[in-house]
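Data first, discussion second: the structure below is written as structure tokens.
Residues: numbered from 1 along the sequence shown.
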Amino acid sequence: MTDDTSDMNAVELATELTIAWLGNPNTRTSADEVPAFLGKMHDTVSALLGATGPAVEAQPATEYTPAVSSRKSLSSKDHIISMIDGKPYKTLRRHLATHGLTPAEYRDRYGLKSDYPMVAENYSESRRAMAKKIGLGRKPGPRNGDAAATGAKRGRKPAEADQD
């Protein structure tokens, strides 16, 4: 009974694939070629459904060889050299995304420590300085130095003047 069911599934799948093939406007064929194509599709689908092993075999882990050593990739403070292609980058995040990797996957692939940087040291420092300059990371409200200045602006006398 399972052979009949798998044969019916093969016929249905082959028919659907043939209909999709014929529905493509770029397909140019004569009516004489359709039965041959349907038979070929049925044979192919039957062979795929009749496979006794798992349909998708586990692929062996691919061993990736780095373009440069981890020590050399961090040798300059101005850039990080990618282990994928050996080119220098200020930040690796976008480069890794173009290769379909996250920073964690990149570190795993090349056996890097979890604290391996993704941004060049000088680039990180310049971004940090710019953020401090525009006031990012500060809590709202007056700072210690500003409190004395605002008190003087409100017309208060300094503490030494009150002593007189």
Side-chain angles (χ1 to χ4, degrees), residues 9-10 12-14 16-28 37 41 44-45 47-164:
N9 288 338
E12 290 174 8
L13 286 172
E16 288 179 22
L17 289 170
T18 304
I19 291 170
W21 178 67
L22 291 171
N24 185 349
N26 295 326
T27 303
R28 293 191 177 110
F37 182 78
M41 290 304 298
T44 305
V45 171
L48 290 173
L49 289 177
T52 57
V56 178
E57 294 181 19
Q59 296 179 347
T62 306
E63 198 60 39
Y64 295 99
T65 56
V68 294
S69 68
S70 61
R71 184 180 203 111
K72 177 153 173 123
S73 71
L74 299 174
S75 63
S76 174
K77 291 186 176 190
D78 294 329
H79 58 266
I80 294 178
I81 298 175
S82 168
M83 294 181 150
I84 298 171
D85 59 7
K87 295 181 182 177
Y89 297 94
K90 287 184 179 180
T91 178
L92 289 178
R93 189 172 298 271
R94 183 177 290 164
H95 170 63
L96 295 179
T98 60
H99 291 281
L101 294 171
T102 64
E105 291 169 344
Y106 177 75
R107 289 180 180 116
D108 288 342
R109 177 185 278 191
Y110 295 108
L112 303 170
K113 294 181 180 177
S114 61
D115 63 345
Y116 182 87
M118 292 290 130
V119 179
E121 189 176 338
N122 285 349
Y123 183 68
S124 177
E125 286 298 319
S126 67
R127 298 289 294 195
R128 180 177 181 259
M130 181 190 62
K132 281 180 124 180
K133 182 179 175 184
I134 63 174
L136 293 178
R138 237 184 324 171
K139 294 184 179 175
R143 291 183 288 184
N144 291 343
D146 291 345
T150 55
K153 290 180 184 177
R154 292 185 186 154
R156 294 184 182 167
K157 296 179 185 177
E160 296 176 7
D162 290 339
Q163 299 290 334
D164 293 37

[X] side chain near [Y] side chain, heavy-atom distance below 4.5 Å:
X	Y	answer
Arg127	Val119	no
Leu92	His95	yes
Tyr106	His99	no
Ile84	Tyr110	yes

In Å and rounded to the nearest 0.5 Å, what is the [atom1] to [atom2] distance from [X] to [Y]?
X	Y	atom1	atom2	value
Ile80	Ser75	CD1	OG	10.5 Å
Thr102	Arg107	OG1	CZ	9.0 Å
Leu17	Thr44	CG	OG1	9.5 Å

Could you pull out all residues at least two apart from [X] that satisfy side chain to side chain contact (heavy atoms under 4.5 Å, CB included)?
X	answer
Lys87	Asp85, Tyr89
Ser69	Arg71, Lys72
Ile134	Leu136
Lys77	Glu121, Asn122

What's the shortest heavy-atom distance between Ile81 and His79, and which atoms? CG1-CD2, 3.9 Å
Shortest non-hydrogen contact between Gly86 and Ala67, atoms and distance: N-CB, 3.6 Å
Sequence neighbours excluded, which residues qualify as ring pair (Phe, Tyr, Trp, His ring centres under 6.0 Å) partners of Phe37? Trp21
Tyr116: which residues meet the ring pair (Phe, Tyr, Trp, His ring centres under 6.0 Å) condition with it, sequence neighbours left out? none
